[in-house]
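Below is one structure, written out as structure tokens; comments come after it.
By convention here, the first residue in the shown sequence is residue 1.
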Amino acid sequence: MTTTTHPRVPAGTARAASPAPSDSGLRARRAAKRRQLTAAGVLMTPFFALLVTVFLIPVGTAVYLSFFSDDQPGLGFGPERQVFVGLRSYAAVLTDPTFLGGLGTVALYCLIYIPLMVVGALALALLLDSGVVRLRGLAQLGLFLPHAVPGIIAALIWLYLYTPGISPVIELFAKGDITIDFLGVHTVIPSIVNIALWSNLGYNMVVFYAALQAVPSEVIEASVVDGAGPVRTALQVKTPLVRASIVMVAIFTLIWALQLFTEPMLLSQSSPMINSRFSPSMYIYDAAFTRNNYSLAAAASVVLLVCTIALSYGVTRFTSRADSEEAR
């Protein structure tokens with residue numbers, strides 16, 4: 001009978017504990033997570049730098065300026081100093097009928113412009129995606145080219161077409177005994193909407209067309225097999241699948257529309273219907289650079305920013321709630 005003897009460990013000597021496999025795996029996961037966080041930080045640094053530089057600092061400066069005002073003691077002969085005025089500038093803005101009228105003008109502009117923009121761009125994208133249009137690439141280029149024209153140049157082109165005496169369009173209507181004033185009291189806002197549509201319709205059409213290209217072909221083929229025609233396929237199959245793009249375009253169009261400035265500023269040179277405070281952005285420009293009231297301009301800027309954020313958040317919440325109700 002063979003007996004096996006184990007070496008005896010001297011007293012006071014502890015066995016060397018081998019590292020558990022789970023410890024090395026945990027360290028590897030932590031190292032991988034640190035590398036991911038470092039890479040994410042490097043990639044996000046330019047975004048946060050731009051966010052702070054072009055958004056947070058200007059907003060903070062505007063909020064600061066809105067609570068202070070320049071004052072000259074001694075009947076205006078003393079040295080100018082900055083004094084704290086609290087909410088006085090906000091009260092002045094919110095009780096100014098010209099600012100409130102500008103908000104109403106922009107609201108009417110949005111009610112006309114945003115539905116036309118979203119529906120028109122989506123209709124053009126669906127038309128191009130259906131394959132009915134020949135030379136699709138050339139058609140896309142032709143529709144997108146107006147967006148490549150700077151906004152001020154586009155406004156000057158349409159100002160020429162809207163001005164009586166030099167406009168070939170008005171002259172053509174006059175030959176048919178039709179008198180039309182594109183910058184009249186009832187037509188000035190539709191005329192501004194027309195300029196904005198001409199400039200931005202092609203860009204949003206490209207956004208919708210790109211989203212439609214991502215729609216699975218199997219879904220389209222299944223709808224055709226079920227007997228759906230081209231119109232039904234476009235409205236009931238393709239359009240719901242690009243709802244996220246529709247919401248995005250609607251929000252961006254809303255934000256852009258609330259900042260209406262370039263078109264009415266140029267058209268004001270030829271129309272008495274457009275004054276220096278036609279829109280909130282023009283009101284801010286007039287307060288800052290014509291009346292030199294930077295506190296009032298800053299307060300109006302903050303009010304416009306709050307309105308923009310509130311409306312954008314409302315649109316997002318409304319669409320999210322609609323999506324959740326449909327998913328139930």
Side-chain angles (χ1 to χ4, degrees), residues 51-114 151 185-186 188-189 192-193 196 250-269 271-318:
L51 177 66
V52 172
T53 304
V54 305
F55 182 75
L56 294 182
I57 292 178
V59 168
T61 303
V63 172
Y64 173 80
L65 290 176
S66 66
F67 291 107
F68 292 86
S69 180
D70 294 330
D71 183 37
Q72 285 185 325
L75 299 177
F77 296 101
E80 189 176 84
R81 64 180 182 178
Q82 200 173 51
V83 295
F84 180 77
V85 295
L87 298 176
R88 189 179 72 184
S89 297
Y90 290 96
V93 168
L94 295 176
T95 56
D96 191 339
T98 57
F99 182 80
L100 298 178
L103 287 178
T105 299
V106 168
L108 179 59
Y109 172 79
C110 290
L111 288 176
I112 300 174
Y113 172 63
I114 295 177
V185 62
H186 299 297
V188 63
I189 292 182
I192 297 174
V193 169
I251 292 176
F252 286 170
T253 304
L254 172 65
I255 294 173
W256 183 88
L258 291 174
Q259 302 172 14
L260 180 65
F261 178 79
T262 304
E263 293 84 357
M265 176 61 75
L266 288 176
L267 294 180
S268 64
Q269 307 299 321
S271 174
M273 297 296 106
I274 303 177
N275 55 35
S276 60
R277 306 176 194 179
F278 182 78
S279 67
S281 294
M282 293 179 65
Y283 180 94
I284 295 168
Y285 180 88
D286 178 74
F289 301 107
T290 302
R291 292 178 281 169
N292 294 322
N293 192 336
Y294 298 105
S295 177
L296 189 69
S301 301
V302 174
V303 171
L304 181 60
L305 175 63
V306 171
C307 292
T308 303
I309 294 175
L311 290 174
S312 302
Y313 177 76
V315 172
T316 305
R317 289 289 297 174
F318 175 77

Donor-acceptor pair, Ser279 side chain versus Leu260 backbone, under 3.5 Å? yes
More than 12 heavy atoms of other residues, nucleotides or ligands under 6.0 Å from CZ of Phe68: is that the case? yes
Would you say that more than 12 heavy atoms from the other residues, nucleotides or ligands in this model lie under 6.0 Å from the OH of Tyr285, or not? no
Hey, what do you get for [atom1] ([X]) to [atom2] ([Y]), rounding to the nearest 0.5 Å?
X      : Y      : atom1 : atom2 : answer
Tyr283 : Thr105 : OH    : OG1   : 14.0 Å
Leu111 : Leu108 : CG    : CG    : 6.5 Å
Ile189 : Ile112 : CD1   : CD1   : 6.0 Å
Ser69  : Phe84  : OG    : CZ    : 12.0 Å
Tyr294 : Phe289 : OH    : CZ    : 6.5 Å
Ser281 : Met265 : OG    : CE    : 9.5 Å

Taking the side chain as every heavy atom from C-beta outward, state whether Pro280 and Val106 have any atom pair closer than 4.5 Å. yes
Closest approach of [X] and [Y], non-hydrogen atoms and distance?
X      : Y      : result
Leu100 : Leu94  : CD1-O, 3.6 Å
Ala196 : Tyr113 : CB-CE1, 3.4 Å
Ser268 : Ile274 : CB-O, 3.5 Å
Tyr109 : Ala257 : CE2-CB, 3.6 Å
Asp286 : Arg277 : OD2-NE, 3.2 Å
Leu258 : Leu304 : O-CD1, 3.8 Å

Audit row: Leu87, Phe67, side-chain contact (heavy atoms from CB on, under 4.5 Å) steps and yes/no: CA-CA 6 Å; Leu87 298 176; Phe67 291 107; 3.6 Å; yes
Would Leu296 and Phe99 satisfy side-chain contact (heavy atoms from CB on, under 4.5 Å), going step by step from the backbone distance to the final call? CA-CA 11 Å; Leu296 189 69; Phe99 182 80; over 6 Å; no
From the options Val59, Ile57, Val52, Thr53, select the one residue that forms a side-chain contact (heavy atoms from CB on, under 4.5 Å) with Phe55. Val59
Are side-chain N/O atoms of Ser66 and Tyr90 paired as donor and acceptor at under 3.5 Å? yes
Kindly indicate, with the supporting measurements, whether the criterion side-chain contact (heavy atoms from CB on, under 4.5 Å) is fulfilled by Trp256 and Ile114. CA-CA 10 Å; Trp256 183 88; Ile114 295 177; over 6 Å; no
